[in-house]
Amino acid sequence: MAGPAGGRLTGPVRGIRGWLLTAALLGAGSAGAQDLGAYRALAAELDGAVTARASSAAQALNRLDAANAKLDKLAPSLQNRQLVSALRDSLERSRGALARSPAELEAQVLLARGLMRRALYDQTLGLLASAPANGAAQLRLLAGEFGLSGAAAQALVDDGAAGELPRVAWRLQRVAAQKIGVALNAAQPSPSPTTYLNLSRGMAWFTAVQDAAGAGDLKVSQFGDALRQLTAGDVGALGTSLTALRQGNDQFVRSLAVAPRDAAVTPKPIPGAGAATAASRTPPRSTATPARPARAGAGEVYAALGRALTAAGHGDPALAREQLGLAGTALAAAPLALRGAHGYGALVFDLGAAQARTALRPDDVQALIASLTGLERRAAGQPVSALDRVSAGVARGFGGWLRVLVFALLAALATVPLYLLNLAFGGRSAHWRAIASGLALLLLPVFLEGLFGLIGAIGDLSGGAALRAASNFTLTQNAYGPPLWAVSAAVAIALSTLGLRGLCQQFGLLGRSAPQQENAAAQSLDWDEDL
C-alpha cells in the first residue's frame, strides 16, 4: 500500500505482534507517582517529531533522539517495567518508520502515546486509591491527555479528590470510547494512509482503557487484525473487521451512558455519542468528511493557555508550566487544518521552550496566545499581525534567566547615579533633594523588576513558593502595576519639576525680586566653591 511519499506502509506488519504482546502485558496495573515533567517532555518530543518529519527527516530524528533521553528520565517512575520495554520498542519502530513515510512515523507515535496514557491512567488510579490528596497533579495531566478541559476536567479532579475512582475511570473511558468511535468512523475499507492512521489512532486510545468492564468483546487483537488486512490489501476482510470494531465500540459507548453512581437514574446520553453510533452504522463513503474549522479545534489550547497566563500572573510558574504542557497536548490533537498551517512547528517549539523555562512570566504566555491566534489566521487564509510575530520573537529570545539577569544588572546600576547625585548635592539644597527623589521614583520600576524578578527566579529554581511569588511585587506582573507606575511617575515628575524650577530661580533663569537674586547669587557662590 503506497504511503504519502510513495513508500509502502509495512510498519503494521512488523509491529503488530509486538503490540499484541504489549497489550497482554498491560493487564497488570501499576500504582505510584510519575515524573510529570519527564512525561510532558517525552510527549512534546514525540509530537514534535511528527511535525518535523513533514519538512525534514533529520529534524525528526533529532526529536526522537531527545525522546529517548526523556524516556530514560521517565522510566524510573514507571512501575510496570514491561511497559517501559514496550515504550522503548515503540521508539525504535518510530526511528525505523522515518525511512518510509510521514504517515508511518505518525502511526508509531500514536501507538507510543497510547502506551504513555495507559501508564498514566493505571498509576493515577492506583495513587488515588491509596492517597487521593496526592494525585491531583497526575489527574490534571491525565485530564489534558484525554482532552478534558473546563468543567469536565474539574469534575474529574473533584471525583479523584473524593476517592470516587469508579467515576474517574468512567469519565476517562467515556472520552476514550468517543475518540475510538471517531477514528473508526473515519476509517474506510480501502488501502490508504488515512485508514492506516485512523486504525492506529483507535488502537492507541483503546490501549489506554482496554481493561474497562464495558469493553466487552472489543480487543486490541481486533485492531491488529484490521491493520494486517489493510497492509495485505484484503479489502473484503478489512470491511468485515471495521464493522465488527464499530459494533464493539458501540456496545462500549452504550455501557458508559450511565455514571456508576447514577445507575438508578434515567440514562443520560453522552454528548455526540448518538451521532457517532449512527455514523458507525452508516456504510463507509468514498468522500472524505470535511475538516472542522481550525478555530473550533483551538478552544482547548486557548483554555490551557489562559490558565497558564493566570498562574504566571499569580507568581506560580510551576502551575503555568503544567498548563503549557496541557496546551501542547491539546495542540497536537487540533484539526489538520491548524496543524498543517505555516508556523505550527514554531508554536510547538515555543510551547516546549516555555514549558522548560525558569522564571516564566505573563509576557511569555501572552506571546504564545498571540502566536496561536496568528496560526488560526494563517489556517483561515487571513493576514497575520507583524506585531505578534515580533512579540513571539522577543519572547523567544528575551526571557527566563536572560531577562532576570539583565534587569538585576540594571537595578544594581540604577543606584550609581543616585549615589553620585547625593554625594555631590545631597545636603546642600532642597531643590537637589527633590530632583534626586524624582530620579529615584523614575528608576523604581527597574529596581523592583531587578530585585523581585531575581528573587522569584531563585524561588522557581529552588521550589520555594514564598520566594517565587516575589515577582508579584514587580510593576510588570499584573494589572495593578501600571496604575502604581503612573502614580510614581506623576510624583517623580512633580518633584523633578519643583527641584529644577527652584534651581532655575536660584540661578536667575526665572524672574525674581532683587533681594532674592542676591540670595541666589550667594547660594550659587557656595555651590561653585564646593565644586
Side-chain angles (χ1 to χ4, degrees), residues 312-317 357-364 366-367 391 394-395 397-507 509 523-531:
H314 291 166
D316 190 355
R357 178 175 293 170
T358 303
L360 192 69
R361 300 295 293 273
D363 293 347
D364 301 323
Q366 288 171 345
S391 297
V394 171
F398 187 71
W401 279 106
L402 177 60
R403 170 178 174 154
V404 169
L405 295 177
V406 166
F407 276 102
L409 177 61
L410 291 176
L413 294 176
T415 62
V416 176
L418 295 175
Y419 169 75
L420 295 176
L421 184 61
N422 181 70
L423 183 65
F425 312 113
R428 295 296 178 178
S429 169
H431 303 316
W432 284 112
R433 290 196 297 271
I435 293 172
S437 299
L439 180 59
L441 286 174
L442 288 176
L443 292 173
L444 181 63
V446 174
F447 183 76
L448 293 178
E449 180 69 34
L451 175 61
F452 292 111
L454 179 60
I455 295 175
I458 293 173
D460 190 18
L461 189 64
S462 63
L467 291 178
R468 70 189 182 196
S471 60
N472 290 321
F473 294 100
T474 67
L475 299 185
T476 58
Q477 182 82 354
N478 269 305
Y480 54 72
L484 293 178
W485 193 346
V487 171
S488 67
V491 175
I493 292 171
L495 289 173
S496 300
T497 301
L498 181 65
L500 290 171
R501 182 178 182 277
L503 288 179
C504 289
Q505 288 179 334
Q506 179 176 326
F507 296 126
L509 300 177
Q523 293 180 359
S524 176
L525 181 60
D526 291 341
W527 181 59
D528 289 341
E529 291 174 352
D530 288 337
L531 290 178

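Please read all numbers here as calculations on a predicted model, not as lab measurements.
- Residues Val404 and Thr358 are not in side-chain contact: their nearest non-hydrogen atoms beyond the backbone lie 4.5 Å or more apart.
- For the atom pair Trp485 CH2 and Leu442 CG, the distance stands at 10.5 Å (nearest 0.5 Å).
- Nearest heavy-atom pair, Thr474 versus Tyr480, reported as atom, atom and distance to 0.1 Å: O-CE1, 4.2 Å.
- Between Pro445 and Leu475, the shortest heavy-atom distance links the atoms CG-CD1, 3.9 Å.
- Atom CG of residue Leu498 and atom CG of residue Leu503 lie 10.0 Å apart, to the nearest 0.5 angstrom.
- No donor-acceptor pair closer than 3.5 Å links the side chain of Ser496 to the backbone N or O of Ile493.
- With rounding to the nearest 0.5 angstrom, the OG1 atom of Thr415 is 12.0 Å from the CG atom of Asn422.
- If you take CG on Leu360 and CZ on Arg403, they are separated by 10.0 Å, rounding to the nearest 0.5 Å.
- Note that CG of Asn478 is 11.0 Å distant from CG of Leu484, once rounded to the nearest 0.5 Å.
- For the pair Gln366 (side chain) and Arg361 (backbone), a donor-acceptor distance under 3.5 Å is absent.
- Of all heavy-atom pairs between Ala367 and Ser391, the closest is CB-O, 3.9 Å.
- For the pair Leu500/Trp432, no side-chain contact is recorded, criterion being any heavy-atom separation below 4.5 Å from C-beta on.
- Summarising the geometry of Leu441 relative to Ala492, their closest heavy-atom pair is CB-CB, 3.6 Å, with the distance given to 0.1 Å.
- Leu454 approaches Ala408 most closely through the heavy-atom pair CD2-CB, 4.4 Å.
- Heavy-atom neighbours of Tyr419 OH from other residues, nucleotides or ligands within 6.0 Å: at or below the threshold of 12.
- Put simply, the side chain of Asp460 never gets that close to the backbone of Arg468: no donor and acceptor are under 3.5 Å apart.
- Put simply, the side chain of Phe398 reaches to within 4.5 Å of the side chain of Val406, judged on heavy atoms.
- For Arg357, the salt bridge (Lys or Arg N to Asp or Glu O under 4.0 Å) partners two or more places apart in sequence, or in a different chain, are Asp364.
- Residues Leu495 and Ser437 approach most closely at CD1-CB, 3.7 Å, considering heavy atoms.
- Side-chain contact between Leu451 and Phe473: absent, with no pair of heavy atoms (C-beta onward) separated by less than 4.5 Å.
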